[in-house]
There are 2 protein chains.
Amino acid sequence: MAERLVVVGGDAAGMAAASQARRRRPPDELEIVAFERGSYTSYSACGIPYWVGDVIEGPESLVVRDPRTFRDQYAIDARTGHEVIELDLDRRAVRVRDLEKQTDAWEGFDQLVMATGSVPVRPPLTGVDAAGVFGVQVLDDGVVLRRFLEEQQPRNAVVVGGGYVGLEMAEALTLRGLRVALVERAPQPMTTLDPDMGALVADALRGLDVDVRVETAVTGFETTEGRVRAVTTDGGELPADLVILGLGVRPNVDVARAAGVPVGAAGGIAVDPRMRTAVEGVWAAGDCVESFHLVSRRPVVVALGTHANKQGRIAGINIGGGYATFPGVVGTAASKVCDYEVARTGLTEAEATAAGFEHLSATVESRTRAGYYPGAAPITTKLVVEKRSGRLLGAQIVGREGAAKRIDVLAAALWNGMTVDAMLNLDLSYAPPYAPVWDPVLIAARKAWERVEDTLGDCR
Amino acid sequence: MAERLVVVGGDAAGMAAASQARRRRPPDELEIVAFERGSYTSYSACGIPYWVGDVIEGPESLVVRDPRTFRDQYAIDARTGHEVIELDLDRRAVRVRDLEKQTDAWEGFDQLVMATGSVPVRPPLTGVDAAGVFGVQVLDDGVVLRRFLEEQQPRNAVVVGGGYVGLEMAEALTLRGLRVALVERAPQPMTTLDPDMGALVADALRGLDVDVRVETAVTGFETTEGRVRAVTTDGGELPADLVILGLGVRPNVDVARAAGVPVGAAGGIAVDPRMRTAVEGVWAAGDCVESFHLVSRRPVVVALGTHANKQGRIAGINIGGGYATFPGVVGTAASKVCDYEVARTGLTEAEATAAGFEHLSATVESRTRAGYYPGAAPITTKLVVEKRSGRLLGAQIVGREGAAKRIDVLAAALWNGMTVDAMLNLDLSYAPPYAPVWDPVLIAARKAWERVEDTLGDCR
């Protein structure tokens, strides 16, 4: 009789696991069922802001593979509108709610993949559940938000939280003609960057006429007849007929935790490098797990489609009888804010301090192309470097077109534990349309190394 | 009394060496004189095709620092129009010809930097010295060529040789409205790529209406009254009132070799990692030296501004009393051909075979951005990988905007000896405007690793 694999969550991690397992084991050997509480499988949640901003069509374009494709081409039974609400490890079964029929049924498994993703952080404030207050997390959120925008024609939006999603949504709503305010508790938006680099992003937002309110805390939401009409903050009230919550996400581990699947110190399901939880036959992947940070050497939770895809693939290979491991992350992320490209990898200064490193930094301004070549655009590159050793700890980039993807070579350098001294001889590509003869990455490494040398000089 | 540093060659390598030496040693301690046979110092030769094509203004924009700047800001005496024609190691002096006055003088040195660059390969064919036949190597060549284009208004150009310079010049001349033919002896232009990738470049050129003649050898140049009028090939005669020689360059080592400075197996001046030649106090840097190739483990000569700048800097640091080394190259290069971006690093298949590696390859077609995001453009990525170990040996990219700079992460992976198995978990940046959720680099690594695994399977 065939083994049965149940996958909880039908987005990137879950369906990558299902697909890889299928690749290695045919249907007569492994039955695969996936339960997804939303209406879509395998979609790009990162594309939602661009859909909201009418930069792209949606939602179908954001779906990589739908349930029919999984059934017909992969013999995977992917059931949308089905939420797993309980896991019983003794019975080796999950309780699944059919959200349309509102009926429950127990479904047995031999192997289980928890790919339950993350849930948006909702502040425990009065009015947060009012109509007009939206999280943007799953594709269905995009559907509901677009319908609200079209039917209600809101004029004043407040985005609460200046992370990637908040900034992308602020831009998207501005593109649609709304007046947008952004409220951020920290001194700068984009707290995944150091404040000096975040300030560049704030400038970009203000250039887009977004009313950026930093060092401001939301205290509640004013409503009229159950609909939001203003956001109250410790700096005054902001009119709002639309509120976007961009306060980040937390791993969705409730079902796993209730069943006794161990959750780690960072709040995600704990997994080994093969994506196995502590429970035999139970795997986990994607936003709901914690990953090892290769620089800080600590567990972290990172909600990113790239990791979800990789981890799902690795779980699926192992379930399929192969061998693959996920070594960890270095914290790479990129975003586009107006015409600005923003990227980071590794540790910020604050994160480096928290991880126990003594560090210094170097920031350089350069150009994306040879200075004389058309389209040469400004790029600011900051490196965070361990003192004495000169080892790269992190990097941040803010610039115009052609800036962001340069973070990848820094991520690769981090991955390999390179010092900035070693980095500055890296054989990077050069041609006038692509880079100055000293690539901004190399200029930054050179300046950082000079700072390291100066510090060594002080110690002698 | 101050030491005297003489620099032979006033472009990137020489002037980087001079500047770094000055940084560390003041004028009363180190006198610095640089001799440059051309009219310009510290310029970007790579920008010449764009100047010829009227994409940029020139020639001043291509000059990073002129002799006046070196004199006023660095206390470096940079003399253009002065060619070093002889080196006497016993007397520790160079014989310098003032090209304007046609007078010679001996100039003594304590330290010497040979930064004599490279010279274009000129085929020993009848008519190669005719008017209208140009090499494009130094900035003065650009000046002469632009004058010829403006005064003679040539209509039919033939570019001999399909390397980077040849292709860039073919495009530049097309942009100026000339009919351009490109003659290449090999089965494809851009022989620094494998033929399958070179074919993509040939398609791009043909799309620009360049008459691409591959597997064709030039046999001579027909002239009328000392001016070229046609190029004869083994495939017929091509009318030409302008010929560009793009047959590559060779290190300019004549003066060094004649003096007894050892030249290595690859034809460049042999240097140690600190850029010292075998002769005490004689350094060398840039196109005229040979570098260690970190993948093939062999000496190579590579004429590229990036290496010239790095090597010059390193020579200068060491001359200035510091310590720095040049570890070698991995063969990274990039170019723009029409709307196509072309890049390579490491070894091609043929180079891998020549270096003794057993290898396989994987080629994938992907997109530069998320498929649904505006401007997502095709990118073809090819990896050359060692059998069994899965170690990356080389990579080639041909694609549209956003493609070429991805070579840098592959160069960093090569530099660190990564396997494609390790690479496919690299934490590269993802956002819909910059990449699909699986970056093309990762897709290529994944496919290459699957091929390695298949091969391992065959061996078991």
Side-chain angles (χ1 to χ4, degrees), chain A residues 12 44 46-47 50 55-58 61-62 164 294 304-307 309-310 325-336 341 343 345 370-374 402 404-409 411-416 418 422 424-435 437-439 441, chain B residues 12 44 46-47 50 55-58 61-62 164 294 304-307 309-310 325-336 341 343 345 370-374 402 404-409 411-416 418 422 424-435 437-439 441:
Chain A
S44 169
C46 308
Y50 306 104
V55 176
I56 61 166
E57 303 270 309
S61 68
L62 297 176
Y164 291 102
L294 292 162
L304 262 185
T306 41
H307 304 324
N309 271 287
K310 291 189 187 104
T325 56
F326 186 75
V329 302
V330 296
T332 311
S335 185
K336 186 169 177 295
E341 301 193 354
T345 190
Y372 54 78
Y373 197 87
K405 258 295 179 182
R406 280 183 159 87
I407 205 71
D408 285 354
V409 68
L414 262 185
W415 191 275
N416 289 288
M418 292 184 83
L424 64 79
N425 283 315
L426 272 173
D427 188 357
L428 303 187
S429 60
Y430 160 61
Y434 310 132
V437 68
W438 284 97
D439 191 275
V441 165
Chain B
S44 168
C46 308
Y50 307 104
V55 175
I56 61 166
E57 303 270 309
S61 67
L62 296 177
Y164 291 102
L294 293 162
L304 262 183
T306 41
H307 304 323
N309 272 286
K310 292 188 187 105
T325 56
F326 186 74
V329 302
V330 296
T332 310
S335 185
K336 184 166 178 296
E341 301 192 355
T345 188
Y372 54 79
Y373 197 88
K405 259 293 179 185
R406 281 181 157 89
I407 206 71
D408 285 354
V409 68
L414 260 185
W415 191 274
N416 288 287
M418 292 185 83
L424 62 82
N425 284 315
L426 273 174
D427 189 356
L428 303 187
S429 60
Y430 161 60
Y434 309 132
V437 67
W438 284 97
D439 191 276
V441 165

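Both backbone and side-chain heavy atoms feed into the values below; hydrogens, waters and symmetry mates do not. Lettering follows sequence order; numbering is per chain, from 1.
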Undergrad: Report the option among S44(B), A343(B), A422(B), A413(B) that has the most heavy-atom pairs separated by less than 4.5 Å from atoms of chain A.
TA: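 Looking at each of S44(B), A343(B), A422(B), A413(B) in turn, S44(B) comes out on top.
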Undergrad: When you compare the side chain of T306(B) with that of W438(A), does any pair of heavy atoms fall below 4.5 Å?
TA: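 Not touching, per the 4.5 Å side-chain cut-off.
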Undergrad: Considering only heavy atoms and a distance below 4.5 Å, find which of L304(A), V330(A), L414(A), L426(A) pairs most often with chain B.
TA: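 Ranked by heavy-atom pairs under 4.5 Å with chain B, first place is L426(A).
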Undergrad: Can you tell if the side chain of K405(B) reaches within under 4.5 Å of the side chain of V409(A), non-hydrogen atoms only?
TA: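 They are not in side-chain contact.
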Undergrad: Counting N and O atoms only, with roles assigned by atom type, does the side chain of T332(A) sit under 3.5 Å from a partner on the main chain of D427(B), one being a donor and the other an acceptor?
TA: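 Present.
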Undergrad: Heavy atoms only, distances under 4.5 angstrom: which of A333(A), A411(A), P327(A) has the most pairs with chain B? Name it, please.
TA: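 Maximum pair count with chain B is reached by P327(A).
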Undergrad: Rounded to the nearest 0.5 Å, how far apart are NZ of K310(B) and CG of L428(A)?
TA: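 Rounded to the nearest 0.5 Å, the NZ-CG separation comes to 6.0 Å.
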Undergrad: Looking at Y50(B) and P432(A), what are the two nearest heavy atoms and their distance?
TA: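 That would be CE1-CG, 3.7 Å.
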Undergrad: Which atoms of L424(A) come close to chain B, meaning under 4.5 Å heavy atom to heavy atom: side chain ones, backbone ones, both, or neither?
TA: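 Both parts, backbone and side chain.
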Undergrad: Grab the two heavy atoms, one from A334(B) and one from A431(A), that are nearest each other, plus how far apart they are.
TA: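 In terms of heavy atoms, the two residues are closest at O-CB, 3.4 Å.
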Undergrad: Whether the side chain of N416(B) engages the backbone of A412(A) through a donor-acceptor N/O pair (distance < 3.5 Å, no angle test) should be reported.
TA: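 The answer is no, because no donor-acceptor pair under 3.5 Å joins these two groups.
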Undergrad: By a 4.5 Å heavy-atom criterion (distance strictly below it), what part of E57(A) contacts chain B: side chain, backbone, both, or neither?
TA: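 For E57(A), neither part sits under 4.5 Å from chain B.
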Undergrad: For chain A, which candidate among V329(B), T345(B), L294(B), N309(B) shows the most heavy-atom pairs at distances under 4.5 Å?
TA: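 That would be N309(B).
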Undergrad: Grab the two heavy atoms, one from Y430(B) and one from C46(A), that are nearest each other, plus how far apart they are.
TA: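 Where Y430(B) meets C46(A) most closely, the heavy atoms are CE2-SG, 3.3 Å.
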Undergrad: Is I56(A) close to P374(B) at the side-chain level, that is, under 4.5 Å between some pair of heavy atoms?
TA: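 They are in contact (side-chain heavy atoms under 4.5 Å apart), so the answer is yes.
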Undergrad: Can you tell which part of I407(A) gets under 4.5 Å to a heavy atom of chain B, answering side chain, backbone, both or neither?
TA: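 Side chain of I407(A) only, per the 4.5 Å heavy-atom cut-off to chain B.
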Undergrad: If we ignore hydrogens and angles and just use 3.5 Å, is the side chain of D408(A) paired with the main-chain N or O of S429(B) as donor and acceptor?
TA: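 Flag set: sc D408(A) to bb S429(B) pair under 3.5 Å.
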Undergrad: Ignoring hydrogens and angles, tell me if any N or O in the side chain of Y434(B) forms a donor-acceptor pair with the backbone of S335(A) under 3.5 Å.
TA: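 Yes; at least one donor-acceptor contact below 3.5 Å.
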